[in-house]
Amino acid sequence: MQIQVKCSCGEDGCPEWAIVELQGVIEAQPAFQDRIQNLQIGILCRPSSEESYTFTIAYHELTGTKVTLKKPILVLKKIKLPDEEGEEGDVNSKRVELDVIGIIRHKIVFKTRPKALITKIQPFVKEKTSAPSSTVPH
């Protein structure tokens, strides 16, 4: 079986993608379990240099670095072509074409433990107030 790969964006026109590598697990809250696609989990920033990144998730901040991959990775989209009979989208269709939608040349690695962004809560001091005096008959 022959699978054709095509790139409609041109040799230098493919969008650059990156891999974000984290240590640990990110779990969505139960309310978002069914709607995880396009869910924003944090904010990725490049504060000063191109090699240093910060990733803020809720009250945690991770610091990472940009690493070049030894071999680039293509991001592909599978397109099922109609057979000679004209049946488009058939599950058993043998004609498939792969379209290049991006290329990954770098990954951003977060190796260290997250830093908590919550500072120490200031103690709340209650002022003493005197209760209004009342006269109670004996």
What pairs of donor and acceptor atoms, side-chain ones from residues 13-24 against any protein atom, are under 3.5 angstrom apart with sequence neighbours left out?
unit_1	atom_1	unit_2	atom_2	d
Glu16	OE2	Arg105	NH1	2.2
Glu21	OE1	Lys107	NZ	3.0

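Residue Ile73 holds its CD1 atom at 9.5 Å from CD1 of Ile103, rounded to the nearest 0.5 Å. His106 contributes atom NE2, which lies 5.0 Å from atom OG1 of Thr68 (distance to the nearest 0.5 angstrom). Rounding to the nearest 0.5 Å places OH of Tyr53 at 10.0 Å from OG1 of Thr65. Atom CZ of residue Arg113 and atom NE2 of residue His60 lie 10.5 Å apart, to the nearest 0.5 angstrom. Considering OG1 of Thr54 and NZ of Lys115, their distance stands at 9.0 Å, rounded to 0.5 Å.
Taking each heavy atom of Phe110 and Phe55 in turn, the nearest pair found is CZ-CB, 3.6 Å. Closest of all the heavy-atom pairs between Leu117 and Ala58 is CD1-O, 4.4 Å. Considering all non-hydrogen atoms of both residues, Lys78 and Leu98 come closest at CA-CD2, 3.8 Å. The nearest pair of heavy atoms linking Leu74 to Val100 is CD2-CG1, 4.0 Å. In plain terms, the two heavy atoms of Arg46 and Ser52 that are nearest each other are CG-O, 3.5 Å.
Proximity of Ile108 to Val67: side-chain heavy atoms (C-beta onward) are nowhere separated by under 4.5 Å. Considering only heavy atoms from C-beta on, Leu69 comes within 4.5 Å of Ile104 through its side chain.
Note on Leu62: it clusters hydrophobically with Ile41, by side-chain heavy-atom contacts below 4.5 Å among ILVMFWY residues.
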